[in-house]
Amino acid sequence: MNNILVINTGSSSFKFQLIQMPTEKVLASGLVERIGQKKSEIHFTSERYSGSQEQDVPNHSVALKEVTNLLMDPEKGVIENSSDITAMGHRVVHGGTAFSETTVINDKVKQEIKSLFSLAPLHNPPNLTGIEVAEDVFPDAKQVAVFDTTFHSSIPAKAYKYAIPNKLTEENDIRLYGFHGTSHKYVSEKAIEKLGRSGSKIISVHLGNGCSITAVENGKSVDHSMGFTPRSGLIMGTRSGDIDPSVIFHLVDELGYSLNEVNELLTKKSGMLGLTGFSDLRDIEIEAQKGNRECKLALEMNAYRIKKYIGSYVAVMNGLDLLVFTAGIGENSSTMRNLICENMDFLGIELDPGKNDIRSKENRTISSEFSKVMVMVIPTNEELEIARQVDKLV
(Lines give C-alpha, C1' and ligand atoms only; values in the text may rest on other atoms or scores of the structure.)
Protein backbone atom coordinates (compact mmCIF):
# COMPACT_ATOMS: atom_id res chain seq x y z
CA MET A 1 0.00 0.00 0.00
CA ASN A 2 1.15 3.53 -0.79
CA ASN A 3 -0.02 6.55 1.23
CA ILE A 4 -0.02 9.41 -1.26
CA LEU A 5 -0.56 12.98 -0.11
CA VAL A 6 -1.92 15.04 -2.96
CA ILE A 7 -1.42 18.80 -2.91
CA ASN A 8 -3.62 20.91 -5.19
CA THR A 9 -2.58 24.54 -4.79
CA GLY A 10 -4.91 27.03 -6.48
CA SER A 11 -4.55 30.78 -6.78
CA SER A 12 -6.46 31.39 -3.52
CA SER A 13 -7.05 27.89 -2.19
CA PHE A 14 -5.19 24.79 -1.04
CA LYS A 15 -6.86 21.40 -1.41
CA PHE A 16 -5.40 18.16 -0.17
CA GLN A 17 -6.20 14.50 0.13
CA LEU A 18 -4.28 11.68 1.74
CA ILE A 19 -5.15 8.66 -0.38
CA GLN A 20 -4.23 5.05 0.19
CA MET A 21 -3.39 3.42 -3.11
CA PRO A 22 -4.29 1.28 -4.94
CA THR A 23 -7.49 0.96 -2.87
CA GLU A 24 -8.19 4.69 -3.47
CA LYS A 25 -9.33 5.01 0.14
CA VAL A 26 -9.30 8.63 1.33
CA LEU A 27 -7.72 8.72 4.80
CA ALA A 28 -8.01 12.49 5.18
CA SER A 29 -9.01 15.45 3.08
CA GLY A 30 -9.62 19.12 3.35
CA LEU A 31 -9.41 22.62 2.01
CA VAL A 32 -7.80 25.88 2.99
CA GLU A 33 -9.72 28.67 1.26
CA ARG A 34 -9.53 32.44 0.92
CA ILE A 35 -5.78 32.34 1.42
CA GLY A 36 -4.37 35.83 1.83
CA GLN A 37 -7.75 37.31 2.72
CA LYS A 38 -8.88 38.49 6.15
CA LYS A 39 -10.92 35.40 7.01
CA SER A 40 -9.19 32.23 5.82
CA GLU A 41 -10.90 28.92 6.57
CA ILE A 42 -9.38 25.48 7.15
CA HIS A 43 -11.63 22.46 6.61
CA PHE A 44 -10.31 19.06 7.69
CA THR A 45 -11.92 15.63 7.61
CA SER A 46 -10.59 12.26 8.69
CA GLU A 47 -12.04 9.08 10.16
CA ARG A 48 -11.52 10.61 13.61
CA TYR A 49 -12.57 14.22 13.06
CA SER A 50 -14.49 16.59 10.83
CA GLY A 51 -14.57 20.32 11.34
CA SER A 52 -13.58 23.81 10.26
CA GLN A 53 -11.75 26.70 11.77
CA GLU A 54 -11.09 30.33 10.88
CA GLN A 55 -7.60 31.71 11.20
CA ASP A 56 -5.06 33.90 9.48
CA VAL A 57 -3.44 32.06 6.57
CA PRO A 58 -1.39 34.70 4.74
CA ASN A 59 0.21 32.42 2.14
CA HIS A 60 0.43 28.89 0.77
CA SER A 61 3.47 27.98 2.85
CA VAL A 62 1.52 28.56 6.06
CA ALA A 63 -1.41 26.60 4.59
CA LEU A 64 0.69 23.47 4.04
CA LYS A 65 2.23 23.67 7.49
CA GLU A 66 -1.21 23.93 9.12
CA VAL A 67 -2.44 20.93 7.12
CA THR A 68 0.61 18.92 8.14
CA ASN A 69 -0.05 19.68 11.80
CA LEU A 70 -3.61 18.41 11.42
CA LEU A 71 -2.51 15.20 9.67
CA MET A 72 -0.14 14.38 12.56
CA ASP A 73 -2.40 15.66 15.35
CA PRO A 74 -2.77 12.92 18.03
CA GLU A 75 -6.55 13.34 18.23
CA LYS A 76 -7.56 14.46 14.73
CA GLY A 77 -4.85 13.10 12.46
CA VAL A 78 -4.21 9.82 10.68
CA ILE A 79 -0.42 9.50 10.60
CA GLU A 80 2.19 9.42 13.33
CA ASN A 81 5.11 10.95 11.48
CA SER A 82 6.23 12.11 8.06
CA SER A 83 7.68 8.71 7.09
CA ASP A 84 4.11 7.35 6.81
CA ILE A 85 3.77 9.26 3.53
CA THR A 86 5.14 7.23 0.60
CA ALA A 87 4.85 9.92 -2.06
CA MET A 88 3.42 13.36 -2.65
CA GLY A 89 1.63 14.41 -5.81
CA HIS A 90 1.79 18.09 -6.67
CA ARG A 91 -0.52 19.75 -9.14
CA VAL A 92 1.60 22.08 -11.27
CA VAL A 93 -0.31 24.35 -13.61
CA HIS A 94 2.17 25.13 -16.39
CA GLY A 95 4.55 22.52 -17.77
CA GLY A 96 5.41 24.34 -21.00
CA THR A 97 6.98 22.09 -23.61
CA ALA A 98 9.42 20.60 -21.09
CA PHE A 99 6.86 18.27 -19.50
CA SER A 100 4.35 16.12 -21.35
CA GLU A 101 3.88 13.54 -18.60
CA THR A 102 3.91 13.03 -14.84
CA THR A 103 7.46 13.57 -13.53
CA VAL A 104 9.52 12.82 -10.42
CA ILE A 105 10.73 16.14 -9.01
CA ASN A 106 14.42 17.01 -8.82
CA ASP A 107 16.37 20.27 -8.87
CA LYS A 108 16.16 20.50 -12.68
CA VAL A 109 12.38 20.04 -12.62
CA LYS A 110 12.03 22.74 -9.96
CA GLN A 111 14.13 25.10 -12.06
CA GLU A 112 11.94 24.44 -15.11
CA ILE A 113 8.80 25.13 -13.06
CA LYS A 114 10.39 28.38 -11.86
CA SER A 115 11.27 29.40 -15.41
CA LEU A 116 7.54 29.30 -16.22
CA PHE A 117 6.53 31.70 -13.42
CA SER A 118 5.82 34.50 -15.90
CA LEU A 119 3.38 32.28 -17.82
CA ALA A 120 1.39 31.22 -14.73
CA PRO A 121 2.11 33.92 -12.12
CA LEU A 122 -0.83 33.03 -9.86
CA HIS A 123 -0.11 29.31 -9.87
CA ASN A 124 3.42 28.11 -10.60
CA PRO A 125 4.94 30.17 -7.72
CA PRO A 126 2.63 28.65 -5.05
CA ASN A 127 2.98 25.25 -6.77
CA LEU A 128 6.76 25.46 -6.32
CA THR A 129 6.35 26.73 -2.76
CA GLY A 130 4.24 23.67 -1.98
CA ILE A 131 6.96 21.42 -3.39
CA GLU A 132 9.74 23.09 -1.42
CA VAL A 133 7.82 23.08 1.87
CA ALA A 134 6.83 19.45 1.28
CA GLU A 135 10.45 18.44 0.74
CA ASP A 136 11.30 19.84 4.19
CA VAL A 137 8.30 18.39 6.01
CA PHE A 138 8.27 15.01 4.24
CA PRO A 139 11.94 14.35 3.37
CA ASP A 140 11.43 10.59 2.88
CA ALA A 141 8.53 10.90 0.45
CA LYS A 142 9.02 10.86 -3.30
CA GLN A 143 7.86 14.19 -4.74
CA VAL A 144 5.99 14.00 -8.06
CA ALA A 145 4.65 16.74 -10.34
CA VAL A 146 1.44 16.29 -12.34
CA PHE A 147 0.97 19.02 -14.93
CA ASP A 148 -2.31 20.68 -15.96
CA THR A 149 -1.07 21.01 -19.51
CA THR A 150 -0.58 17.28 -20.19
CA PHE A 151 -4.21 16.43 -21.01
CA HIS A 152 -4.28 19.13 -23.69
CA SER A 153 -1.29 17.79 -25.63
CA SER A 154 -3.82 16.21 -28.02
CA ILE A 155 -5.09 19.60 -29.23
CA PRO A 156 -4.33 19.84 -32.98
CA ALA A 157 -2.08 22.48 -34.51
CA LYS A 158 -5.00 24.28 -36.17
CA ALA A 159 -6.31 24.99 -32.65
CA TYR A 160 -3.11 25.54 -30.67
CA LYS A 161 -1.17 27.74 -33.11
CA TYR A 162 -1.41 31.53 -33.05
CA ALA A 163 -1.45 33.58 -36.25
CA ILE A 164 1.97 35.09 -35.66
CA PRO A 165 5.22 34.48 -37.59
CA ASN A 166 6.13 30.79 -37.53
CA LYS A 167 9.66 31.58 -36.39
CA LEU A 168 8.34 33.05 -33.15
CA THR A 169 6.16 30.02 -32.54
CA GLU A 170 8.86 27.47 -33.26
CA GLU A 171 11.79 29.13 -31.49
CA ASN A 172 9.94 30.35 -28.41
CA ASP A 173 7.22 27.72 -27.91
CA ILE A 174 4.46 30.33 -28.14
CA ARG A 175 1.22 28.38 -28.46
CA LEU A 176 -1.98 27.41 -26.68
CA TYR A 177 -1.16 24.99 -23.86
CA GLY A 178 -4.44 24.52 -22.00
CA PHE A 179 -4.94 24.17 -18.23
CA HIS A 180 -7.08 22.51 -15.52
CA GLY A 181 -6.12 19.32 -17.37
CA THR A 182 -6.49 16.89 -14.45
CA SER A 183 -10.00 18.22 -13.77
CA HIS A 184 -11.15 18.12 -17.40
CA LYS A 185 -9.65 14.63 -17.81
CA TYR A 186 -11.37 13.28 -14.69
CA VAL A 187 -14.86 14.64 -15.39
CA SER A 188 -14.81 13.88 -19.12
CA GLU A 189 -13.95 10.24 -18.35
CA LYS A 190 -16.89 10.12 -15.92
CA ALA A 191 -19.10 11.63 -18.63
CA ILE A 192 -17.99 8.99 -21.13
CA GLU A 193 -18.86 6.29 -18.59
CA LYS A 194 -22.34 7.82 -18.27
CA LEU A 195 -22.85 7.87 -22.03
CA GLY A 196 -21.66 4.29 -22.27
CA ARG A 197 -19.85 4.65 -25.57
CA SER A 198 -16.38 5.60 -26.74
CA GLY A 199 -17.50 7.91 -29.55
CA SER A 200 -18.55 11.08 -27.75
CA LYS A 201 -18.67 14.87 -27.96
CA ILE A 202 -18.38 16.50 -24.55
CA ILE A 203 -17.90 20.05 -23.30
CA SER A 204 -16.40 20.32 -19.82
CA VAL A 205 -16.96 23.63 -17.99
CA HIS A 206 -14.61 24.10 -15.02
CA LEU A 207 -15.78 27.08 -12.95
CA GLY A 208 -13.89 28.14 -9.84
CA ASN A 209 -11.72 31.11 -8.99
CA GLY A 210 -10.01 30.11 -12.22
CA CYS A 211 -12.35 29.14 -15.07
CA SER A 212 -11.89 27.20 -18.29
CA ILE A 213 -13.83 25.21 -20.83
CA THR A 214 -12.69 22.26 -22.94
CA ALA A 215 -14.01 20.51 -26.02
CA VAL A 216 -13.43 16.77 -25.58
CA GLU A 217 -14.01 14.53 -28.59
CA ASN A 218 -13.69 10.77 -28.20
CA GLY A 219 -11.89 11.26 -24.90
CA LYS A 220 -9.30 13.69 -26.29
CA SER A 221 -9.01 17.41 -25.67
CA VAL A 222 -9.42 19.16 -29.05
CA ASP A 223 -9.78 22.80 -27.94
CA HIS A 224 -9.60 24.84 -24.76
CA SER A 225 -10.36 28.38 -23.64
CA MET A 226 -7.05 29.17 -21.89
CA GLY A 227 -4.03 29.63 -24.09
CA PHE A 228 -0.35 30.49 -23.69
CA THR A 229 -1.07 31.25 -20.04
CA PRO A 230 -4.05 30.68 -17.69
CA ARG A 231 -5.24 34.27 -18.21
CA SER A 232 -7.23 34.04 -21.43
CA GLY A 233 -10.72 32.71 -22.08
CA LEU A 234 -13.51 33.01 -19.53
CA ILE A 235 -13.98 35.76 -16.94
CA MET A 236 -12.38 34.62 -13.68
CA GLY A 237 -12.13 35.70 -10.06
CA THR A 238 -9.36 38.25 -10.61
CA ARG A 239 -8.33 37.57 -14.24
CA SER A 240 -9.87 39.38 -17.20
CA GLY A 241 -10.01 36.45 -19.60
CA ASP A 242 -10.17 37.34 -23.29
CA ILE A 243 -9.31 40.96 -24.06
CA ASP A 244 -8.35 42.87 -27.20
CA PRO A 245 -4.53 43.22 -27.06
CA SER A 246 -4.94 46.82 -28.20
CA VAL A 247 -6.30 47.60 -24.73
CA ILE A 248 -2.82 46.81 -23.36
CA PHE A 249 -1.16 49.25 -25.78
CA HIS A 250 -3.76 51.88 -24.91
CA LEU A 251 -3.12 51.47 -21.18
CA VAL A 252 0.64 51.85 -21.73
CA ASP A 253 0.81 54.45 -24.49
CA GLU A 254 -2.16 56.66 -23.63
CA LEU A 255 -2.84 56.15 -19.91
CA GLY A 256 0.73 55.86 -18.66
CA TYR A 257 0.63 52.36 -17.19
CA SER A 258 3.87 50.39 -16.99
CA LEU A 259 3.89 46.84 -18.37
CA ASN A 260 4.23 45.51 -14.82
CA GLU A 261 1.17 47.51 -13.78
CA VAL A 262 -0.82 46.14 -16.74
CA ASN A 263 0.26 42.61 -15.81
CA GLU A 264 -0.88 43.18 -12.21
CA LEU A 265 -4.15 44.77 -13.40
CA LEU A 266 -5.18 41.95 -15.76
CA THR A 267 -4.05 39.14 -13.45
CA LYS A 268 -4.99 40.25 -9.94
CA LYS A 269 -7.37 43.23 -10.21
CA SER A 270 -9.71 42.35 -13.07
CA GLY A 271 -12.32 39.66 -13.68
CA MET A 272 -15.17 39.54 -11.19
CA LEU A 273 -13.11 41.53 -8.69
CA GLY A 274 -12.67 44.39 -11.13
CA LEU A 275 -16.34 44.32 -12.10
CA THR A 276 -17.82 44.11 -8.61
CA GLY A 277 -15.23 44.61 -5.90
CA PHE A 278 -15.65 40.93 -4.93
CA SER A 279 -13.59 37.98 -6.19
CA ASP A 280 -15.69 35.23 -4.55
CA LEU A 281 -18.81 34.33 -6.53
CA ARG A 282 -20.72 33.52 -3.35
CA ASP A 283 -20.41 37.13 -2.26
CA ILE A 284 -21.36 38.36 -5.73
CA GLU A 285 -24.52 36.24 -5.86
CA ILE A 286 -25.59 37.53 -2.43
CA GLU A 287 -25.07 41.13 -3.54
CA ALA A 288 -26.91 40.51 -6.82
CA GLN A 289 -29.91 39.18 -4.88
CA LYS A 290 -29.87 42.41 -2.87
CA GLY A 291 -30.18 44.37 -6.11
CA ASN A 292 -26.55 45.32 -6.72
CA ARG A 293 -26.54 46.21 -10.44
CA GLU A 294 -22.80 45.73 -10.92
CA CYS A 295 -22.99 42.23 -9.48
CA LYS A 296 -26.02 41.34 -11.62
CA LEU A 297 -24.25 42.52 -14.76
CA ALA A 298 -21.06 40.67 -13.84
CA LEU A 299 -22.97 37.38 -13.52
CA GLU A 300 -24.63 38.00 -16.89
CA MET A 301 -21.27 38.82 -18.51
CA ASN A 302 -19.72 35.68 -17.04
CA ALA A 303 -22.53 33.46 -18.36
CA TYR A 304 -22.51 35.21 -21.75
CA ARG A 305 -18.82 34.49 -22.27
CA ILE A 306 -19.35 30.82 -21.42
CA LYS A 307 -22.31 30.60 -23.83
CA LYS A 308 -20.08 31.90 -26.64
CA TYR A 309 -17.50 29.20 -26.02
CA ILE A 310 -20.14 26.46 -25.83
CA GLY A 311 -21.52 27.57 -29.20
CA SER A 312 -18.10 27.63 -30.82
CA TYR A 313 -17.17 24.18 -29.49
CA VAL A 314 -20.45 22.70 -30.69
CA ALA A 315 -19.51 24.02 -34.13
CA VAL A 316 -15.95 22.66 -33.90
CA MET A 317 -17.14 19.16 -32.96
CA ASN A 318 -20.26 19.30 -35.17
CA GLY A 319 -22.48 18.34 -32.27
CA LEU A 320 -22.69 17.79 -28.53
CA ASP A 321 -23.68 14.78 -26.47
CA LEU A 322 -23.04 15.97 -22.94
CA LEU A 323 -22.33 19.26 -21.16
CA VAL A 324 -20.52 18.99 -17.82
CA PHE A 325 -20.29 21.53 -15.02
CA THR A 326 -17.56 21.06 -12.42
CA ALA A 327 -15.35 22.77 -9.78
CA GLY A 328 -16.52 25.01 -6.93
CA ILE A 329 -18.84 27.30 -8.88
CA GLY A 330 -19.86 24.78 -11.50
CA GLU A 331 -20.85 22.24 -8.85
CA ASN A 332 -22.55 24.57 -6.38
CA SER A 333 -24.02 27.56 -8.19
CA SER A 334 -27.45 26.73 -9.64
CA THR A 335 -27.69 30.43 -10.53
CA MET A 336 -24.68 30.32 -12.87
CA ARG A 337 -25.76 27.02 -14.44
CA ASN A 338 -29.19 28.46 -15.13
CA LEU A 339 -27.81 31.70 -16.61
CA ILE A 340 -25.51 29.70 -18.88
CA CYS A 341 -28.09 27.21 -20.11
CA GLU A 342 -31.12 29.47 -20.52
CA ASN A 343 -32.14 30.21 -24.13
CA MET A 344 -29.91 27.38 -25.42
CA ASP A 345 -32.77 25.20 -26.66
CA PHE A 346 -31.66 25.73 -30.27
CA LEU A 347 -28.54 23.71 -29.37
CA GLY A 348 -30.67 21.11 -27.60
CA ILE A 349 -29.75 22.25 -24.08
CA GLU A 350 -32.58 22.48 -21.56
CA LEU A 351 -32.33 22.27 -17.76
CA ASP A 352 -34.79 20.77 -15.33
CA PRO A 353 -35.18 23.61 -12.76
CA GLY A 354 -35.90 21.23 -9.89
CA LYS A 355 -32.89 19.04 -10.59
CA ASN A 356 -30.67 22.09 -11.10
CA ASP A 357 -31.57 23.41 -7.65
CA ILE A 358 -30.56 20.21 -5.86
CA ARG A 359 -27.27 20.45 -3.99
CA SER A 360 -25.31 17.24 -3.83
CA LYS A 361 -21.77 15.91 -3.87
CA GLU A 362 -22.82 13.12 -6.22
CA ASN A 363 -22.68 12.98 -10.01
CA ARG A 364 -26.11 14.05 -11.24
CA THR A 365 -28.05 14.82 -14.39
CA ILE A 366 -29.77 18.22 -14.37
CA SER A 367 -31.14 18.36 -17.92
CA SER A 368 -34.86 17.95 -18.60
CA GLU A 369 -36.33 14.85 -20.21
CA PHE A 370 -36.83 16.90 -23.39
CA SER A 371 -33.19 18.05 -23.64
CA LYS A 372 -31.36 16.58 -26.63
CA VAL A 373 -28.06 17.22 -24.86
CA MET A 374 -27.45 15.63 -21.47
CA VAL A 375 -26.33 18.19 -18.86
CA MET A 376 -24.54 16.92 -15.77
CA VAL A 377 -22.87 18.17 -12.63
CA ILE A 378 -19.81 16.02 -11.95
CA PRO A 379 -17.79 16.98 -8.88
CA THR A 380 -14.18 17.06 -9.94
CA ASN A 381 -11.61 14.98 -8.12
CA GLU A 382 -8.29 16.26 -9.32
CA GLU A 383 -6.66 14.79 -6.23
CA LEU A 384 -7.71 11.23 -7.08
CA GLU A 385 -6.62 11.69 -10.68
CA ILE A 386 -3.23 12.94 -9.47
CA ALA A 387 -2.92 10.06 -6.97
CA ARG A 388 -3.59 7.55 -9.75
CA GLN A 389 -0.87 9.03 -11.89
CA VAL A 390 1.60 9.22 -9.00
CA ASP A 391 0.91 5.64 -7.93
CA LYS A 392 1.40 4.44 -11.47
CA LEU A 393 4.77 6.19 -11.63
CA VAL A 394 6.22 5.27 -8.23
Does a sphere of radius 6.0 Å around NZ in Lys220 hold more than 12 heavy atoms from other residues, nucleotides or ligands, not counting ones at 6.0 Å or beyond? no
To check you understand the geometry: which heavy-atom pair defines the closest contact between Leu320 and Lys201, and what is its length? CD1-O, 3.5 Å
Should the pair Glu24-Arg388 be classified as a salt bridge under the 4.0 Å nitrogen-to-oxygen rule? yes
What residues form a side-chain contact (heavy atoms from CB on, under 4.5 Å) with Gln37, not counting sequence neighbours? Arg34, Ser279
The side-chain contact (heavy atoms from CB on, under 4.5 Å) partners of Leu119 (sequence neighbours excluded) come to His94, Leu116, Phe228, Thr229
With rounding to the nearest 0.5 angstrom, report the CZ to CD1 distance, Phe325 to Ile340. 4.5 Å
Looking at Asn318, I'd like to know if its CG atom is crowded, meaning that more than 12 non-hydrogen atoms belonging to other residues, nucleotides or ligands lie closer than 6.0 Å. no
Kindly check if the number of other-residue, nucleotide or ligand heavy atoms within 6.0 Å of NZ (Lys110) is above 12? yes
Applying ring pair (Phe, Tyr, Trp, His ring centres under 6.0 Å), can you list everything that pairs with Phe147, at least two apart in sequence or on another chain? Phe99
Polar side-chain atom of Arg337 near backbone of Asn356 as donor-acceptor pair, under 3.5 Å: yes
Side chain proximity check, Asp321 to Arg197, heavy atoms < 4.5 angstrom: yes
Residues in side-chain contact (heavy atoms from CB on, under 4.5 Å) contact with Ile243, at least two apart in sequence or another chain: Ser240, Val247, Leu266
Would you say Thr23's side chain and Gln20's backbone share a donor-acceptor pair under 3.5 angstrom? yes
Could you tell me if Ser258 and Asn260 have a donor-acceptor pair between their side chains, going purely by distance under 3.5 Å? no
Distance (rounded to the nearest 0.5 Å) between Glu261 CD and Leu255 CG: 11.0 Å
Does Lys307, at its NZ atom, have more than 12 non-hydrogen atoms belonging to other residues, nucleotides or ligands within less than 6.0 Å? yes
How would you list, by chain and number, every residue that makes a ring pair (Phe, Tyr, Trp, His ring centres under 6.0 Å) with His224, sequence neighbours excluded? His152, His184
Contacts of type side chain to side chain donor-acceptor pair (under 3.5 Å), residue Lys269, not counting sequence neighbours: none
Hits for side-chain contact (heavy atoms from CB on, under 4.5 Å) against Asp173, two or more places apart or cross-chain, chain-then-number order -> Thr97, Tyr177
Distance from Ile284 atom CD1 to Ile329 atom CD1, nearest 0.5 Å? 8.0 Å
All N/O donor-acceptor pairs, side-chain side in residues 292-299, below 3.5 Å, sequence neighbours left out:
| from | atom 1 | to | atom 2 | distance (Å) |
| --- | --- | --- | --- | --- |
| Asn292 | OD1 | Glu294 | N | 3.0 |
| Asn292 | OD1 | Cys295 | N | 3.0 |

In terms of heavy-atom contacts, Ser13 and Ile35 come closest through C-CD1, 3.8 Å
For residues 240-270, which residue pairs pass the ring pair (Phe, Tyr, Trp, His ring centres under 6.0 Å) check, not counting sequence neighbours? none
I need the Leu322 CG to Ser367 OG distance, nearest 0.5 Å. 7.5 Å
Phe14: what forms a ring pair (Phe, Tyr, Trp, His ring centres under 6.0 Å) with it, not counting sequence neighbours? none
The single option from Leu128, Val146, Ile386, Ile105 that satisfies side-chain contact (heavy atoms from CB on, under 4.5 Å) with His90 is Ile105
With sequence neighbours left out, what residues match Glu285 under salt bridge (Lys or Arg N to Asp or Glu O under 4.0 Å)? none
Within 6.0 Å of CZ in Phe117, more than 12 heavy atoms from elsewhere: yes
Before accepting this row, confirm whether a basic side-chain N of the pair Glu47/Lys25 lies closer than 4.0 Å to the acidic partner's carboxylate O. yes
My understanding is that only residues two or more places apart in sequence, or in another chain, count here; which of them pass ring pair (Phe, Tyr, Trp, His ring centres under 6.0 Å) with Phe138? none
What I want to check is whether the side chains of Asn3 and Asp84 have a donor and an acceptor closer together than 3.5 Å. no
Check the side chains of Arg231 and Thr267 for a donor-acceptor pair under 3.5 angstrom, ignoring hydrogens and angles. yes
